[in-house]
Engineer: 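One structure coming up, written as C-alpha cells, with questions to follow.
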Amino acid sequence: MRALSVRQPWAELIASGKKKVEYRSWQREFRGDLLIVASSSRHDDDCADEGLDPERLVYGAAVCVVDFWKVTGDQGDYSWHVRAPRRVEAVPVKGYASIYHVDDRLLRFAKAARSPTAVRPKPRKPSAVSRLPGRPAVVLAARDPKNVRRWGRALVEIGCRVTSFRDGYTAWLHLEARPAACVLLDVDVQGYSATEVLARMRQTRALATTPVVFVGGPSVAKRARLSRVGRSASADDVVRAVRDALAVGSA
C-alpha cells in the first residue's frame with residue numbers, strides 16, 4: 001500500500017476525521033487508499049494548540065488508511081483531499097520522504113475507533129535554544145491566532161522582538177513607521193494581502209532590502225532576500241526560515 005508520513009498532531013487529526021486536507025508542495029497522479037504514518041518527530045506545542053496530549057499519540061507508526069480522492073492548487077502549493085479514515089493498529093513503520101510503499105500484510109484494521117497507544121512516543125529531548133544576538137525586530141502578520149501565538153512564541157524563544165498583526169494593512173502601517181529586521185507574512189491575512197504588503201515594501205527605500213519569509217499561498221516571483229515555506233510547515237520550520245533570513249540580511 002502507498003504510504004505518506006505526516007507529523008503529529010496532524011496524523012491524529014486526519015485519523016479522527018477532523019483534518020480533511022493535507023498540504024504538500026508536490027503532487028502525485030494516483031488516487032485511492034493511502035496509509036497515513038505518524039512521523040517519529042515530536043511537536044508538543046502543535047499538539048497543545050490542537051488540544052491533544054502528545055503523550056497519548058503514536059510516533060513512527062501506522063495510524064490510518066484514508067481515501068485520497070482529489071488534489072487542488074498548483075505551482076508548488078497543493079491541497080491533498082482525504083476522506084473516510086479507517087484506523088489501523090499502530091505497527092511501527094519507518095517513514096520516508098514523498099510517497100513510499102508498506103507491505104499490506106503488516107496492517108490490521110483496528111476494532112475500536114480510539115487513539116492507538118501500542119507504540120510509545122519517544123521522550124522529547126531537551127535542547128538548548130540558540131538565541132540571536134541583538135534582539136532583532138520581527139513583524140509577524142497572520143490571520144489565524146494559533147499561528148500568531150505559536151510562531152510568535154517560538155521567535156521570542158530565539159531572542160526576537162515580535163510585533164504581531166492579523167491585518168496586512170496595519171502591519172504595513174507599522175512597517176512604514178518602524179522598519180523591521182525581518183518580516184514573516186502568512187498568505188492568510190486580512191486587509192492588505194501578503195503579496196500587496198510585499199510589493200509595497202519593495203517600493204519603499206527603507207524596506208526594499210528587508211528579508212521576508214512568505215508562508216503558503218501561490219508561488220511568488222523569485223526576489224533577493226525572499227524565502228518561502230509551505231502551508232504544512234511546522235513552527236520549527238518557520239522559525240528556521242526566519243533565522244536564515246536574518247543571517248542573510250545581516251551579511
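Note that this is a predicted model, so its numbers are computed, not measured.
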Engineer: Roughly how far, to the nearest 0.5 Å, is the OH atom of Tyr169 from the OG atom of Ser193?
Structural biologist: 14.5 Å
Engineer: Are Leu226 and Tyr192 in one and the same hydrophobic cluster, where Ile, Leu, Val, Met, Phe, Trp and Tyr link if side-chain heavy atoms are under 4.5 Å apart?
Structural biologist: yes
Engineer: Could you give me the CA-CA distance, side-chain angles and deciding distance for Val91 and Leu107, then say whether side-chain contact (heavy atoms from CB on, under 4.5 Å) is met?
Structural biologist: CA-CA 7 Å; Val91 293; Leu107 305 177; 4.1 Å; yes
Engineer: Honestly, is Arg2 close enough over Phe30, meaning NZ or CZ under 6.0 Å from the six-membered ring centre and within 45° of the axis?
Structural biologist: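 Yes, Arg2 lies over the aromatic ring of Phe30.
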Engineer: Apply side-chain contact (heavy atoms from CB on, under 4.5 Å) to the pair Asp244 and Val242, showing each step before the final yes or no.
Structural biologist: CA-CA 5 Å; Asp244 292 345; Val242 171; over 6 Å; no
Engineer: So how far is it from Arg243 CZ to Leu132 CG, rounded to the nearest 0.5 Å?
Structural biologist: 4.5 Å
Engineer: Using the side chain to side chain contact (heavy atoms under 4.5 Å, CB included) definition, which of the options Val215, Val212, Val229 pairs with Leu184?
Structural biologist: Val215
Engineer: Closest approach of Arg200 and Trp172, non-hydrogen atoms and distance?
Structural biologist: O-CH2, 3.5 Å
Engineer: Going from CE on Met201 to OG1 on Thr209, what distance comes out if it is rounded to the nearest 0.5 angstrom?
Structural biologist: 8.5 Å
Engineer: Hydrophobic clusters here meaning ILVMFWY residues chained together by side-chain heavy-atom distances under 4.5 Å, can you tell me if Ile14 and Tyr59 are in one?
Structural biologist: no
Engineer: Is there a side-chain contact between Trp10 and Glu12, using heavy atoms and a 4.5 Å cut-off?
Structural biologist: no
Engineer: Can Val71 be reached from Leu4 by stepping across I, L, V, M, F, W or Y side chains whose heavy atoms are under 4.5 Å apart?
Structural biologist: yes
Engineer: Roughly how far, to the nearest 0.5 Å, is CD of Gln8 from CD of Glu50?
Structural biologist: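 Interatomic distance, Glu50 CD to Gln8 CD, rounded to 0.5 Å: 11.5 Å.
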Engineer: Of all heavy-atom pairs between Cys182 and Val213, which one has the smallest distance, and what is that distance?
Structural biologist: SG-CG2, 4.4 Å
Engineer: Where do Phe165 and Thr170 come nearest, in terms of heavy atoms and distance?
Structural biologist: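 Heavy-atom minimum between the residues: CD2-OG1, 3.6 Å.
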Engineer: Do the side chains of Asp67 and Val82 get nearer than 4.5 Å, heavy atoms only?
Structural biologist: no
Engineer: Please evaluate residues Glu55 and Arg42 with respect to the criterion salt bridge (charged side-chain N to carboxylate O under 4.0 Å, His left out), reporting the C-alpha separation (whole Å), side-chain torsions for both, the decisive distance (0.1 Å), and the verdict.
Structural biologist: CA-CA 10 Å; Glu55 298 297 333; Arg42 285 183 58 150; 3.1 Å; yes
Engineer: Taking only Lys NZ, Arg NE, NH1 and NH2, and the carboxylate oxygens of Asp or Glu, determine whether Asp144 and Arg166 approach each other closer than 4.0 Å.
Structural biologist: no
Engineer: Hey, are the side chains of Trp151 and Ser164 touching, using non-hydrogen atoms and a 4.5 Å cut-off?
Structural biologist: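 SC-SC contact between Trp151 and Ser164 ruled out.
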Engineer: Could you tell me if the side chain of Glu22 sits less than 4.5 Å from the side chain of Leu13, heavy atoms only?
Structural biologist: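 No, every pair of side-chain atoms sits at 4.5 Å or beyond.
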Engineer: Under 4.5 Å between side-chain heavy atoms, counting indirect links through other Ile/Leu/Val/Met/Phe/Trp/Tyr residues: same cluster for Leu106 and Tyr100 or not?
Structural biologist: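 Linked, Leu106 and Tyr100 end up in one cluster.
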Engineer: Is it the case that His81 and Ser79 place a side-chain donor and acceptor less than 3.5 Å from each other?
Structural biologist: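 Checked: His81/Ser79 side chains show no N/O donor-acceptor pair below 3.5 Å.
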Engineer: Run the ring-centre check on Trp26 versus Trp80 and record whether the distance is less than 6.0 Å.
Structural biologist: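 Yes, the ring of Trp26 comes within the 6.0 Å limit of the ring of Trp80, centre to centre.
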Engineer: Side chains of Ile36 and Val66: closer than 4.5 Å at any heavy-atom pair?
Structural biologist: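 SC-SC contact between Ile36 and Val66 confirmed.
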Engineer: Would you name the heavy atoms of Gly159 and Arg131 that are closest together and state the gap between them?
Structural biologist: CA-NH2, 3.5 Å
Engineer: Do Val65 and Leu34 touch side chain to side chain, with heavy atoms closer than 4.5 Å?
Structural biologist: no
Engineer: Find the distance between CG (Asp49) and CZ (Arg149) and round it off to the nearest 0.5 Å.
Structural biologist: 5.0 Å
Engineer: Does the pair Asp45/Arg150 count as a salt bridge with the N-to-O cut at 4.0 Å?
Structural biologist: no
Engineer: With a 4.5 Å limit on heavy-atom distance, are the side chains of Val138 and Arg161 in contact?
Structural biologist: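 Side-chain contact under 4.5 Å: no.
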Engineer: What pair of heavy atoms forms the shortest contact from Leu185 to Ala194, and how long is it?
Structural biologist: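 That closest heavy-atom pairing would be CD1-O, 3.6 Å.
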Engineer: Please check if the side chain of Ser234 supplies one atom and the backbone of Asp237 the other of a donor-acceptor pair under 3.5 Å.
Structural biologist: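 Checked: pair present.
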Engineer: Here's one to test your reading of the geometry: is the NZ or CZ of Arg31 within 45 degrees of the ring axis of Phe68 and under 6.0 Å from its centre?
Structural biologist: yes
Engineer: The test is side chain to side chain donor-acceptor pair (under 3.5 Å); show your working for Thr163 and Arg178 and say whether it passes.
Structural biologist: CA-CA 11 Å; Thr163 307; Arg178 302 177 186 84; over 6 Å; no
Engineer: What's the shortest heavy-atom distance between Cys160 and Leu246, and which atoms?
Structural biologist: SG-CD1, 4.2 Å
Engineer: Compare all side-chain heavy atoms of Phe214 with those of Asp186 and state whether any distance is below 4.5 angstrom.
Structural biologist: no
Engineer: Rounded to the nearest 0.5 Å, what separation is found between the SG atom of Cys64 and the CZ atom of Arg87?
Structural biologist: 7.0 Å
Engineer: Assigning hydrophobic clusters by single linkage (Ile, Leu, Val, Met, Phe, Trp, Tyr; side-chain heavy-atom cutoff under 4.5 Å), is Val239 placed with Val156?
Structural biologist: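 Per the 4.5 Å side-chain linkage, Val239 and Val156 are co-clustered.
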